[in-house]
Number of protein chains: 2
Amino acid sequence: MAAVQDGVVTSIPDRLFLDLKNAIFEGRIAVGSKLSEPELAREYEVSRGALREAIGRLEACRLVIRKNNLGTRVVSLNHEQLIEIYHVRESLEGMAARQAALAITDEELRELDRLLDHHANDIEEEINHAYFQEEGDLDFHYSIVKASHNNFLFELLCNDLYQLVRLYRYQFGMRSKRAVRAYDEHCNIVDAIKRRDGEMAEHMMRAHIRASRENVELMLADRTSNIA
Amino acid sequence: MAAVQDGVVTSIPDRLFLDLKNAIFEGRIAVGSKLSEPELAREYEVSRGALREAIGRLEACRLVIRKNNLGTRVVSLNHEQLIEIYHVRESLEGMAARQAALAITDEELRELDRLLDHHANDIEEEINHAYFQEEGDLDFHYSIVKASHNNFLFELLCNDLYQLVRLYRYQFGMRSKRAVRAYDEHCNIVDAIKRRDGEMAEHMMRAHIRASRENVELMLADRTSNIA
DNA sequence: AAATCCCATATTGTCGACATTTTTATTAAA
DNA sequence: TTTAATAAAAATGTCGACAATATGGGATTT
């Protein structure tokens, strides 16, 4: 999961960008709240200039929205926008699986098997389900995208989309209960990749994400009906 | 084509961002060349701070690459990277066509017909082929994506991907000679959308972009063999 | 002659201050 | 009491200056 950039000199905005991102993910900066430049500059002990550059990068990966003369707010997405992202994920990750089937290395294949085993153990021991519902699932998808050896796809998904999904799932307080079914779907995807069947890998991945989206739609529908 | 943001106050970085983008597209800032902050600040008569913010936005849409303490250069892509982008386009625009088939309005459908007519006339009169090879084709794709009514998809494709493709085709000096065949493919796509057949619309759009990619691959192969 | 080191120069990184715009608080009028 | 106008406060936009880093040239050494 760790995408450490080795040897790259990190500037103040680099560090700030990471810190702010974590603050958002951990809820210390609330969804929808405003990022006050004077306040954050004091808190992180940096100049407003450096802070503004870090905020610019948050804006680039769509985690915040900035309006001229009005300041910056953490994105607050509605249901429709979350669904939009799932549609994009479906097409993008489908393509990733297709390309992974052609380009994956033996080492990357072993890594996928390891993740699958880990997932299976968690299910059998009926413990720690939470892991694969959150980070573990992301690790799996991350590995597939990496195995596609399409760097553009990788950046799009891993730098932007996954983070948005993570934030929204957090925002809506969603925890998937699909661990067992998701495991089966993951196996299907890996099987297709092992057989170098790109067409099938894409099909299975799209089905997997579509199921995940439908699950989300159900939860969102539940929520609104409960509130209403 | 014009995506004018009405009523939005434009700051200096806003204007600079547009100016620099145009300068890159028109070749006044060469592909691969360095963006000197002092020089550009003098030329555009702005402070380096405002300039740096504009550069940050160029970086966000991947038109330039910035390295700490080393400065910023206009992206210079190799063949593999251009092909990577076409793969992403294929999956993303396929999804756009699929969703457009479900969500397109009558007005948007009329607009598509207008573009198709325009394209057909150009072919019959055997003039102005250049138009549809470049801007016209982009207009068509732009309209489809808009008709998907998936705003996230729209931003991804129209703010980032199309611009990159445009720049690379310029960088490699490519001009498609597929006007007639592309017209037929466009018609197939619009037919499927009219029938509200999302599955087929996606299939046709993907075939269209795949053909375009294969055409690009051919040109790139030609080029390298000529040079070698 | 080639390679290495060192210094002068230029460029990027960072900061504090001022200008402009928005927001809040206050006051006056209906 | 509510609304409108206005003034004070705070936030964002913009800038120029200084600090840190990289580049290029020349002297020195092998």
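Below, chain A is the first sequence line, B the second, and so on; all start at residue 1.
- Listed by residue number, there are no residues of residues 15-24 of chain B with a heavy-atom contact under 4.0 Å to DNA chain D.
- In this structure, Phe152(A) has its ring center at least 6.0 angstrom away from the ring center of His87(B).
- Qualifying side-chain contact (heavy atoms from CB on, under 4.5 Å) partners for Ala103(A), counting only residues two or more places apart in sequence or in other chains: His149(A).
- Spacing between atom OH of Tyr44(B) and atom P of dT14(D) amounts to 17 Å, rounded to whole angstrom units.
- Recorded end-axis angle for the helix from dA1(C)-dT30(D) to dA30(C)-dT1(D) stands at 10°, based on five pairs per end and rounded to 10 degrees.
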Name the pairs: protein N/O against N/O of nucleotides 11-17 of chain C, kept only if under 3.5 Å.
residue : atom : partner  : partner atom : Å
dT12(C) : OP2  : Glu37(B) : N            : 3.2
dG13(C) : OP1  : Asn69(B) : N            : 3.1
dG13(C) : OP2  : Arg52(B) : NH1          : 2.5
dG13(C) : OP2  : Arg52(B) : NH2          : 3.1
dG13(C) : N7   : Arg48(B) : NH2          : 2.9
dG13(C) : O6   : Arg48(B) : NH1          : 3.0
dT14(C) : OP1  : Ile12(A) : N            : 2.9
dC15(C) : OP2  : Ser47(A) : N            : 3.2
dC15(C) : OP2  : Ser47(A) : OG           : 3.0

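- The list of salt bridge (Lys or Arg N to Asp or Glu O under 4.0 Å) pairs with a residue in residues 63-76 of chain B, not counting sequence neighbours, reads Glu53(A)-Arg66(B).
- Evaluation of the side-chain contact (heavy atoms from CB on, under 4.5 Å) rule for Ala97(B) yields Ile144(B), Ala201(B), Met205(B) as partners, not counting sequence neighbours.
- Identified under the salt bridge (Lys or Arg N to Asp or Glu O under 4.0 Å) test for residues 94-105 of chain A, with sequence neighbours left out: Arg98(A)-Glu199(A), Arg98(A)-Glu202(A).
- With sequence neighbours excluded, no residue satisfies ring pair (Phe, Tyr, Trp, His ring centres under 6.0 Å) with Tyr170(B).
- Scanning for side-chain contact (heavy atoms from CB on, under 4.5 Å) contacts around Glu37(B) gives Arg48(B), Leu51(B), Arg52(B), Ile55(B), with sequence neighbours left out.
- Shown here are the side-chain contact (heavy atoms from CB on, under 4.5 Å) partners of Glu26(B), two or more places apart in sequence or in another chain: Asn22(B), Arg28(B).
- Asp19(B) pairs by the side-chain hydrogen bond (donor to acceptor under 3.5 Å, both in side chains) definition with Arg15(B), not counting sequence neighbours.
- Partners of Tyr44(A) by side-chain hydrogen bond (donor to acceptor under 3.5 Å, both in side chains), not counting sequence neighbours: none found.
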